[in-house]
2 protein chains.
Amino acid sequence: MDLTIAEENYLKAIYHLSEGGKKSVSTNDIAGEIQTKPASVSDMLRRLSEKQVIEYRKYYGLQITESGKQLALQTIRKHRLWEVFLVDKLQFAWDEVHEVAEQLEHIQSPLLIQRLDAFLNYPKFDPHGDPIPDEYGDVRSRPRIPLNEMNIDQVGQIVAVKDSSAAFLRYLDKVGAYIGARIKVLDKVEFDGSVEILVDQKKTLFMSKDVASNILVVQS
Amino acid sequence: MDLTIAEENYLKAIYHLSEGGKKSVSTNDIAGEIQTKPASVSDMLRRLSEKQVIEYRKYYGLQITESGKQLALQTIRKHRLWEVFLVDKLQFAWDEVHEVAEQLEHIQSPLLIQRLDAFLNYPKFDPHGDPIPDEYGDVRSRPRIPLNEMNIDQVGQIVAVKDSSAAFLRYLDKVGAYIGARIKVLDKVEFDGSVEILVDQKKTLFMSKDVASNILVVQS
DNA sequence: AAATTAAATTAGATATATCTAAAAAAAATG
DNA sequence: CATTTTTTTTAGATATATCTAATTTAATTT
Ligand SMILES: [Mn+2]
Ligand SMILES: [Mn+2]
Ligand SMILES: [Mn+2]
Ligand SMILES: [Mn+2]
């Protein structure tokens, strides 16, 4: 029982919103996530429910089913593998890959994904630091916290970004914050939550709380 | 003015049928080529005509326009580049690539194709020996003839296949006829048009006229 | 608790893409 | 050249996916 491209996009959005720590996923949330109107979402929820990838009671809410979760994870797996391909093999910048991966993730061919995975040397994370689910849908996720939650003098390493928009990623390129960079918190401003960090033991950076909260780190 | 995936598939079929040396392309031909019903074709011809990629008069026939030809060539370019990628980089066999390339050819990203072309080292031919149009739609086609039109004692090289079906390609694999192989015609049977050839100066092969007519060679 | 506001769904429309069955036009046949 | 056959198109139906506007349900406020 296959999903259409639209259904895959909706299901992926639902999965992301579900995992995003929100108690319940609303019709408006989904509409916001995939740039569509709530009326269209209601319609799609009915269809996804018929295909048993979500459980849905009108006006109450929805829950992704186990099979829905597996399908979403496979689409995410494909999306992230293609992103690695674009960056590692075709020299795309990390802010240029999203739209193309959004298309490539819908290509149907198990053999293709298996071979692509091998060709890329079984990567565990995509260019934005997000984990790549394996073929069984297992995700090995590292414990990671937003940079703004670190305390003064603590050290760590940037491992991912929460916001993958081109604007944010280009800003990070510009200031020299990249995945893998070692950082130390030099100062935190109580008033607005902004932070000052040392990158790679040589460069000092100021950033707003908003920016810092979209940078994910592992402490060391 | 963009085409949908279905429109791209129809236009590609029309282009192939037009180039195939046929004087005129019929509704039934198109239906046969893309596995659909003539009624659906009529409907699509009206739409392609509105988008000015074909000139179409009901019951009379159709002609692909210059802009239609360019669009078809770009889709063909993408299809063949992806085929090269699948075979050269992901170790697909030449009989496994068509279905996947049929999907990949519709991915929209000029940058992707430009980078893919460079990554593959600007290949001129796909795994079936078909020429890859350049980004301006120019095709450098070699003069090539069906193997069954060669005469006894003539020598040449296999450069392409006319039929790219998995069944035919697997047969060629089995008997050891591959693109690039040097051949010599040892014998031709007048009665049924079958031929006997020597491959790479060591292996002798018998093949029916039907098989030979689907193998394209350059004489040397 | 009634009234208001917000969220979600339904109704009805449009666009794409396909099909079967019927009708129309063109081609082939005697 | 009239008749039959084939080809092509149209009519009408179905499925997907989206929208706006109207309605319904739930949540919030007074
Ligand atoms: Mn997508
Ligand atoms: Mn990513
Ligand atoms: Mn295709
Ligand atoms: Mn090919």
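Values below: all heavy atoms of this structure, side chains included; hydrogens, waters and symmetry mates excluded. Labels below follow one simple rule: chain letters A, B, ... track the order of the sequence lines, proteins then strands, and each chain is numbered from 1.
Contacts between chain B and DNA chain D, taken as any atom within less than 4.0 angstrom of a protein heavy atom, begin and end at D:dT7 to D:dT10.
Scanning for ring pair (Phe, Tyr, Trp, His ring centres under 6.0 Å) contacts around B:F92 gives an empty result, with sequence neighbours left out. Under the salt bridge (charged side-chain N to carboxylate O under 4.0 Å, His left out) criterion, B:R46 pairs with B:D43, B:E50, not counting sequence neighbours.
In summary, A:E96 and A:R170 do not engage in a salt bridge, as defined by a charged side-chain N under 4.0 Å from a carboxylate O. Taking a cutoff of 4.0 Å between a charged side-chain nitrogen and a carboxylate oxygen, A:R77 and A:E135 do not qualify as a salt bridge. A salt bridge does not link A:E149 with A:R144: none of the charged nitrogens is closer than 4.0 Å to a carboxylate oxygen. Using a cutoff of 4.0 Å between basic side-chain nitrogens and carboxylate oxygens, A:R80 and A:E105 are not scored as salt-bridged.
DNA chain D lies under 4.0 Å from at least one heavy atom of each of the following residues of residues 47-61 of chain B: B:Y56, B:K58, B:Y59. For the segment residues 35-44 of chain B, the set of residues with a heavy atom within less than 4.0 Å of an atom of DNA chain D comprises B:P38, B:A39, B:S42, in numerical order. Contacts between residues 98-106 of chain A and DNA chain C, counted as heavy-atom distances below 4.0 Å, involve no residue at all.
Contact check, A:N28 against C:dA6: no side-chain N or O comes under 4.0 Å of OP1 or OP2.
Taking the six-membered ring for Trp and the full ring otherwise, the centers of B:F85 and A:F85 sit less than 6.0 Å from each other.
Side-chain atoms of B:K188 come within 3.5 Å of backbone atoms of B:N148 as a donor-acceptor pair (strictly under, hydrogens ignored).
Side chains of B:S194 and B:D192: a donor-acceptor N/O pair is present below 3.5 angstrom, by distance only. B:S165 and B:D163 form a side-chain donor-acceptor contact under 3.5 Å, judged by distance and modelled atom types alone.
Around the CD atom of B:Q70, the shell of radius 6.0 Å holds more than 12 heavy atoms that belong to other residues, nucleotides or ligands.
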Walk me through whether B:D126 and B:H79 qualify under side chain to side chain donor-acceptor pair (under 3.5 Å).
CA-CA 9 Å; B:D126 83 0; B:H79 184 105; 6.0 Å; no

